[in-house]
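Single-structure report; data block below.
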Amino acid sequence: MDLIARLRAGLPGEAILTDPDVTGAYATDMASFCAAGKPAVVVLPRTVEEVQHVLRTATALRVPVVPQGARTGLSGAANASDGCIVLSLVKMDRILEINPVDRIAVVEPGVVNAALSRAVGAHGLCYPPDPSSWEECSLGGNIATASGGLCCVKYGVTAEYVLGLDVVLADGRLLTTGRRTAKGVAGYDLTRLFVGSEGSLGVVVRAVLALKPAPPEQLVLAAEFPSTAAACAAVCEIMARGHAPSLLELMDRTSIRAVNDMAQMGLPESTEALLLAAFDTPDPAADLAAVGALCTAAGATEVVPAETAAESDLLLQARRLTLTALERVKSATMIDDVCVPRSRLAEMIDGTAAIAEEYGLTIGVCAHAGDGNTHPTVCFDAADPDESRRARASFDDIMALGLRLGGTITGEHGVGVLKKEWLARELGPVGMELQRGIKDVFDPLGILNPGKLF
């Protein structure tokens with residue numbers, strides 16, 4: 001019995017897609033420069049049992065399986081390989097439980113991040129991890145890539161909110177990890193192992209997520225600086241003084257000018273860096289005043305604190321428009337994701353500007369400054385082979401710079417295809433040996449998302 005026939009034996013007909021014109025649409029996520037193959041079939045299960053049937057079939061026939069969420073990823077981790085089963089989990093999109101007493105939600109992997117946020121908000125709770133693509137990205141994908149977001153400086157990343165998982169292993173067995181309780185240290189932390197594993201160890205089919213009480217509405221401050229060094233000095237001082245902003249974002253001059261060109265934001269051309277700070281504390285105005293004073297002492301030329309939520313939204317508009325504005329500069333972009341210690345942030349941003357000059361490219365940087373996570377965005381003409389080559393070379397130089405500064409090649413986007421050669425440089429030979437050993441334990445046949453990570 002061939003692959004499609006075996007799949008049909010345990011799946012409804014509408015869950016199986018074989019038309020090449022349709023399956024081709026599932027071949028890639030949103031990353032550039034990442035190879036992708038042609039899937040043999042796309043399956044869209046709705047139940048755990050259907051996922052188990054897919055994995056048992058794949059194991060029996062030695063067929064690779066590429067798990068997918070909403071395909072908003074930026075590392076090629078969801079790209080198809082030739083002849084694979086693309087296992088799209090978008091139809092498993094139920095919120096199974098919201099428990100205000102235990103402060104947990106139980107969800108299927110296809111639930112969209114924003115949908116959960118709105119649902120728990122009705123109970124006076126919040127799910128803090130907020131990737132920029134939160135209106136589209138799925139929680140299963142967030143878990144697979146250990147994604148972050150704007151509020152991570154105060155509330156942390158996805159890994160800190162995943163309490164337990166149900167995972168279908170490569171051979172179709174169902175593994176339950178973790179807990180529903182506030183505490184729990186029984187055995188090895190397999191839950192944390194799956195978070196960020198990019199579908200290479202198993203397929204998450206259910207997650208128990210921690211919730212927080214909904215915070216007060218935040219207020220935002222914008223500070224303009226004459227240099228990156230001054231803005232980063234302010235960031236260091238804010239954190240060193242013990243402040244806990246709910247958001248601390250930085251835009252470099254290239255990003256500012258791109259946003260100005262697109263939306264006529266009116267930011268002065270002399271602004272070299274824009275720092276945005278927000279507080280959701282009981283007295284945010286007092287916190288903004290204290291941070292504003294620190295920004296002024298660090299050399300800010302203009303400090304504008306918001307007094308209302310509407311004013312805060314206006315101040316954040318420039319940051320929200322950054323990627324869209326940079327995408328207008330050239331026909332293609334590559335978004336890097338290098339995280340460095342906060343104390344090295346200025347060196348990272350200034351070093352990226354030097355790389356842009358060396359390669360004759362436009363590279364804008366916005367950063368989750370509070371946790372040192374920079375997003376250099378390389379703008380290039382995809383139809384120009386030389387410019388494409390320079391874009392890829394600059395991307396590599398940016399990662400090398402991050403490692404030299406004591407950082408990591410990815411803070412929240414993952415490794416996928418795009419950065420797997422750099423993973424070995426960061427982890428070293430002993431680290432890579434152990435990583436591969438873990439992969440072999442969970443996936444001895446190597447059928448789960450092959451070619452990703454390493």
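Note that the structure is predicted; figures quoted are calculated from it, not measured.
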Partner residues of Asp102 under the salt bridge (charged side-chain N to carboxylate O under 4.0 Å, His left out) criterion, sequence neighbours left out: none
When you check the gap from the basic side-chain N to the acidic O, do Glu50 and Arg46 get nearer than 4.0 Å? no
Compare all side-chain heavy atoms of Thr191 with those of Leu163 and state whether any distance is below 4.5 angstrom. no
Taking only residues two or more places apart in sequence, or in another chain, which ones meet Glu272 in a salt bridge (charged side-chain N to carboxylate O under 4.0 Å, His left out)? Arg253, Arg257
Do Thr177 and Arg192 touch side chain to side chain, with heavy atoms closer than 4.5 Å? no
Across all chains, not counting sequence neighbours, the side-chain hydrogen bond (donor to acceptor under 3.5 Å, both in side chains) partners of Thr362 are none
State whether the number of non-hydrogen atoms from other residues, nucleotides or ligands found under 6.0 Å of Lys420 atom NZ is greater than 12. yes
I'd like to know if Asp397 and Arg392 make a salt bridge, using a cut-off of under 4.0 Å between side-chain N and carboxylate O. no
Would you please say whether a donor-acceptor pair under 3.5 Å links the side chains of Glu136 and Thr72? no
Arg173 CZ: over 12 foreign heavy atoms closer than 6.0 Å: no
Checking side-chain polar atoms at under 3.5 Å, does Thr28 have a donor or acceptor matched by the opposite partner on Asn79? no
One should read off an interatomic distance between Phe454 CZ and Leu427 CG, to the nearest 0.5 angstrom, of 9.0 Å
Criterion side-chain contact (heavy atoms from CB on, under 4.5 Å) on Leu316 and Gln218, from CA distance to verdict: CA-CA 11 Å; Leu316 286 176; Gln218 69 179 7; 3.9 Å; yes
Please check if the number of heavy atoms outside Arg94 that lie under 6.0 Å from its CZ is greater than 12. no
Any side-chain donor-acceptor pair under 3.5 Å between Asn142 and Trp134? no
Residue pairs meeting side-chain hydrogen bond (donor to acceptor under 3.5 Å, both in side chains), one or both in residues 369-378, sequence neighbours left out, come to Asp337-Asn373, His368-His375, His375-Glu412
Quick test of your reading of the model: are Lys419 and Glu426 salt-bridged, counting only N-O distances below 4.0 Å? no
Taking Glu97 first and then Arg180, would you say they form a salt bridge - that is, a charged N and a carboxylate O separated by under 4.0 Å? yes
Check this for me: Met432, atom CE, are more than 12 non-hydrogen atoms of other residues, nucleotides or ligands nearer than 6.0 Å? yes
Salt-bridged, Asp384 to Arg389, with N to O below 4.0 Å? no
With sequence neighbours excluded, what pairs up with Arg328 under the salt bridge (charged side-chain N to carboxylate O under 4.0 Å, His left out) test? none
Ionic contact status for Asp386 with Arg390, cut-off 4.0 Å: yes
So, are Arg436 and Asp440 salt-bridged, with charged N and O less than 4.0 Å apart? no
Residues in salt bridge (charged side-chain N to carboxylate O under 4.0 Å, His left out) contact with Arg179, at least two apart in sequence or another chain: none
Strictly by modelled atom types, are Asp166 and Thr176 linked by a side-chain donor-acceptor pair under 3.5 Å? yes
So that I can tick it off, tell me whether Glu387 and Lys330 are bridged by a salt bridge, with the cut-off set at under 4.0 angstrom between side-chain N and carboxylate O. yes
